A.B. asks: 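Let me begin by handing over the structure; questions about it come next.
The shown structure was predicted, so the numbers you read here are calculated from the model rather than taken from an experiment. When reading the values below, keep in mind they use all heavy atoms of this one structure, side chains included, and skip hydrogens, waters and symmetry mates.
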Amino acid sequence: MIPEFATLDEAVRGSFPLDSSRILGVREHGDAAVALFDARPGAESYLYEVHYQRQNGQWSEGSSSNSAGWHRLELDSDLGVATAWGEAPAGADRVRAELGGQVLEEPVANGVYLVVWWDAPPSTLQVSAFRVKGEWVRAPTIQEHLQAQREAWLRTRPS
């Protein structure tokens, strides 16, 4: 049985033990919500997204993932929620993302960004820039990000 809670806050706090995780952000839209957690605070971050829904006045946890992306909100609809999140560059205070030619800006908090686009068709949010010290700086492409991860991994391998 999936636990139900009277408030979204209770549902979010019930997802992970708070002594071994950290809530980084929560976004709510009608009867749906998304929360981003660091499931390994104090060590290398392990970001994890959890979806919630409200039915009959009660909030419960839905699907979850260790990657951002698109999530269907209702079985009989082609609309859902698109998410993008991750660690921001040092000194960043805002992030800019694009979807279908529209732009959304969100704050960066604790070095992490969370962008949530509601009522979106199946799609991928593209993070395009970060504001660092008052200047907008182009965000790395997915390919550049993956290449940087590969290079960091190769540096940690024994010779």
Side-chain angles (χ1 to χ4, degrees), residues 1-75 77 79-99 103-120 122-132 137 139-142 144-146 148-150 152-153 156:
M1 180 168 179
I2 297 173
E4 294 183 336
F5 299 90
T7 68
L8 175 59
D9 184 62
E10 290 172 352
V12 169
R13 292 181 183 284
S15 291
F16 288 99
L18 292 180
D19 60 341
S20 62
S21 66
R22 185 169 57 134
I23 301 166
L24 298 174
V26 178
R27 304 290 189 273
E28 181 180 351
H29 179 77
D31 291 329
V34 176
L36 182 63
F37 295 86
D38 181 354
R40 203 171 33 208
E44 185 177 344
S45 295
Y46 186 79
L47 302 181
Y48 201 78
E49 150 183 314
V50 180
H51 294 265
Y52 301 87
Q53 64 274 338
R54 179 173 43 199
Q55 290 184 319
N56 302 320
Q58 298 290 300
W59 284 96
S60 61
E61 187 176 319
S63 65
S64 59
S65 178
N66 63 353
S67 65
W70 185 83
H71 174 81
R72 185 182 306 274
L73 292 174
E74 297 179 22
L75 292 176
S77 175
L79 297 179
V81 57
T83 60
W85 45 261
E87 293 182 10
D93 67 346
R94 293 195 64 79
V95 61
R96 184 179 286 163
E98 299 178 20
L99 180 70
V103 176
L104 180 66
E105 290 182 12
E106 291 286 345
V108 170
N110 300 309
V112 175
Y113 65 91
L114 170 61
V115 181
V116 180
W117 204 296
W118 301 100
D119 300 321
S123 52
T124 302
L125 266 173
Q126 180 64 47
V127 172
S128 58
F130 292 95
R131 190 173 69 185
V132 179
V137 178
T141 65
I142 291 172
E144 291 168 341
H145 182 70
L146 292 174
Q149 284 181 324
R150 182 179 186 279
W153 175 76
T156 63

A.B. asks: Do the ring planes of Tyr48 and Phe16 sit parallel (below 30°), tilted (30 to 60°) or perpendicular (above 60°)?
C.D. replies: perpendicular

A.B. asks: If every non-hydrogen atom of Tyr113 is compared with every non-hydrogen atom of Leu36, which pair is closest and at what distance?
C.D. replies: O-CD2, 4.0 Å

A.B. asks: Are Val34 and Val50 side-chain neighbours, meaning at least one heavy-atom pair lies under 4.5 Å?
C.D. replies: no

A.B. asks: I need the Ser45 OG to Arg22 CZ distance, nearest 0.5 Å.
C.D. replies: 6.5 Å

A.B. asks: Does the side chain of Val12 come within less than 4.5 Å of Ile23's, by heavy atoms?
C.D. replies: yes

A.B. asks: Please check if the side chain of Ser77 supplies one atom and the backbone of Leu79 the other of a donor-acceptor pair under 3.5 Å.
C.D. replies: yes

A.B. asks: Return the minimal non-hydrogen interatomic distance between Trp118 and Ala32, and the atom names on each side.
C.D. replies: CZ3-CB, 3.8 Å

A.B. asks: Taking all heavy atoms of Ala120 and all of Trp70, pick out the closest pair and write down the distance.
C.D. replies: O-NE1, 2.9 Å

A.B. asks: Considering non-hydrogen atoms only, spot the tightest contact between Pro17 and Ser21 and give its length.
C.D. replies: O-OG, 2.8 Å

A.B. asks: Starting from the C-alpha separation in whole Å, work towards a yes-or-no answer on ring pair (Phe, Tyr, Trp, His ring centres under 6.0 Å) for Phe5 and Tyr52.
C.D. replies: CA-CA 11 Å; Phe5 299 90; Tyr52 301 87; 8.7 Å; no

A.B. asks: About how many Å separate CG of Leu47 and CZ of Arg40, when rounded to the nearest 0.5 Å?
C.D. replies: 9.5 Å

A.B. asks: Report yes if the side chains of Arg72 and Val81 come closer than 4.5 Å at any heavy-atom pair, otherwise no.
C.D. replies: no

A.B. asks: When rounded to the nearest 0.5 angstrom, what distance separates CD in Gln126 from CG in Leu99?
C.D. replies: 10.5 Å

A.B. asks: Does the side chain of His71 pick up a donor-acceptor pair with the side chain of Thr83 at under 3.5 Å?
C.D. replies: no

A.B. asks: CH2/Trp153 to CG/Leu146 distance, rounded to the nearest 0.5 angstrom?
C.D. replies: 14.0 Å

A.B. asks: Of the non-hydrogen atoms in Ser67 and Ser65, which two are nearest, and what is the gap between them?
C.D. replies: N-OG, 3.0 Å

A.B. asks: I need the minimum non-hydrogen distance between Arg94 and Pro107, along with the two atoms involved.
C.D. replies: NH1-N, 3.8 Å

A.B. asks: If we count only N and O atoms by modelled type, under 3.5 Å, do the side chains of Glu49 and Trp85 hold a donor and an acceptor together?
C.D. replies: yes

A.B. asks: Going from CG on Leu125 to CG on Leu104, what distance comes out if it is rounded to the nearest 0.5 angstrom?
C.D. replies: 7.5 Å

A.B. asks: Taking the six-membered ring for Trp, are the ring centroids of Phe37 and Tyr46 within less than 6.0 Å of each other?
C.D. replies: no

A.B. asks: What I want to check is whether the side chains of Glu4 and Ser60 have a donor and an acceptor closer together than 3.5 Å.
C.D. replies: no

A.B. asks: Apply the test side-chain contact (heavy atoms from CB on, under 4.5 Å) to residues Glu105 and Val95: give CA-CA distance (whole Å), side-chain angles for both, the deciding distance (0.1 Å), then the verdict.
C.D. replies: CA-CA 6 Å; Glu105 290 182 12; Val95 61; over 6 Å; no

A.B. asks: Do Arg54 and Glu28 come within less than 4.5 Å of each other through their side chains, counting heavy atoms only?
C.D. replies: yes

A.B. asks: Taking NZ, NE, NH1 and NH2 as the nitrogens, is one of them in Arg27 or Glu106 under 4.0 Å from a carboxylate oxygen of the other?
C.D. replies: yes

A.B. asks: Tell me yes or no: between the side chains of Gln53 and His51, is some donor less than 3.5 Å from an acceptor?
C.D. replies: no

A.B. asks: Taking atom CD of Gln58 and atom CG of Asp31, what is their separation to the nearest 0.5 Å?
C.D. replies: 12.0 Å

